[in-house]
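Shown next, in structure tokens, is the structure this report addresses.
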Amino acid sequence: DAKTTQPTSMDCAEGRAANLPCNHSTISGNEYVYWYRQIHSQGPQYIIHGLKNNETNEMASLIITEDRKSSTLILPHATLRDTAVYYCIVRVTSIIQGAQKLVFGQGTRLTINP
Amino acid sequence: GAGVSQSPSNKVTEKGKDVELRCDPISGHTALYWYRQSLGQGLEFLIYFQGNSAPDKSGLPSDRFSAERTGGSVSTLTIQRTQQEDSAVYLCASTLFMGRRSDTQYFGPGTRLTVL
């Protein structure tokens, strides 16, 4: 799976949009961009994923650049409960049966301030 | 619907004791993963079950670790003769799969194991 680069930490004011960048310059054409987050002492939580089109769900929006070498996760109205470590992962899912082991990098520690 | 559930949420045991950790995947999910996460560390893959196929045990750190999945649903991870280095959060994830291009893994809350 392609390597990703994220800032170590970010701060955002409550109620504002939190924009978390991720660089994945070596991404290949069949690799998806996934975002998970992990709130302290909880299991990882799936947020969103995409291939090349921008995606939006009830939690967030994912903006992928046209060359797919970077993406941005947007939390439109951040709340204190969004304080967590956010992980950007790129991975391919093979049609061959086998474990698709998730590997998290260091992620971005996002702190939402009141 | 209900997410992945795990029990117990916390387990404190003495060195040398055996422990069993349980995972209930999302109903209908065919694939199940066990990971563990030590304090401040990333995910460490342990074992993977998919349908009736032989499990991928390549991540189990020693023969003290074993897991089974009965009836294609509930899974139990067993650690025999626990050691202090086994202390970690044990996470279970399930996914709908297979043959699809993007299969999202949904995680349970984890079991925090502390070996004294």
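Here is the naming used below: chain letters follow the sequence lines, and residue numbers restart at 1 for every chain. Quick caveat: nothing in here was measured; it's all calculated off a predicted structure.
The part of A:Gln38 that comes within reach of chain B is its side chain, from C-beta onward, which places non-hydrogen atoms under 4.5 angstrom from that chain. When heavy atoms are compared at a cutoff of 4.5 Å, B:Tyr35 approaches chain A solely by way of its side chain, counted from C-beta outward. Heavy atoms closer than 4.5 Å to chain A are found nowhere in B:Glu44, neither backbone nor side chain. When heavy atoms are compared at a cutoff of 4.5 Å, B:Ser58 approaches chain A solely by way of its side chain, counted from C-beta outward.
Residues B:Leu39 and A:Ile39 do not share a hydrophobic cluster, defined by chaining ILVMFWY side chains whose heavy atoms lie under 4.5 Å apart. When hydrophobic clusters are built by joining Ile, Leu, Val, Met, Phe, Trp and Tyr residues whose side-chain heavy atoms come closer than 4.5 Å, directly or via intermediates, B:Ile26 is not grouped with B:Val74. Both B:Phe45 and A:Ile89 are assigned to one and the same hydrophobic cluster, defined by single-linkage of ILVMFWY side chains at heavy-atom distances under 4.5 Å.
Atoms OG1 and CD1, on B:Thr104 and A:Ile48 in that order, are 10.5 Å from each other to the nearest 0.5 Å. Note that OH of A:Tyr87 and CG of B:Leu43 are 7.5 Å apart. Values are rounded to the nearest 0.5 Å.
Within 6.0 Å of CG in A:Asp67 there are more than 12 heavy atoms belonging to other residues, nucleotides or ligands.
Two residues are said to be in side-chain contact when any heavy atoms from C-beta on lie closer than 4.5 Å; A:Pro44 and B:Gln105 fail this criterion.
Residues that satisfy the salt bridge (Lys or Arg N to Asp or Glu O under 4.0 Å) test with A:Arg16, not counting sequence neighbours, are absent from this structure. Not a single salt bridge (Lys or Arg N to Asp or Glu O under 4.0 Å) links A:Arg109 to another residue, sequence neighbours left out.
Ring geometry for B:Phe107 against A:Phe104 counts as tilted: the plane angle lies between 30° and 60°, on a 0 to 90° scale.
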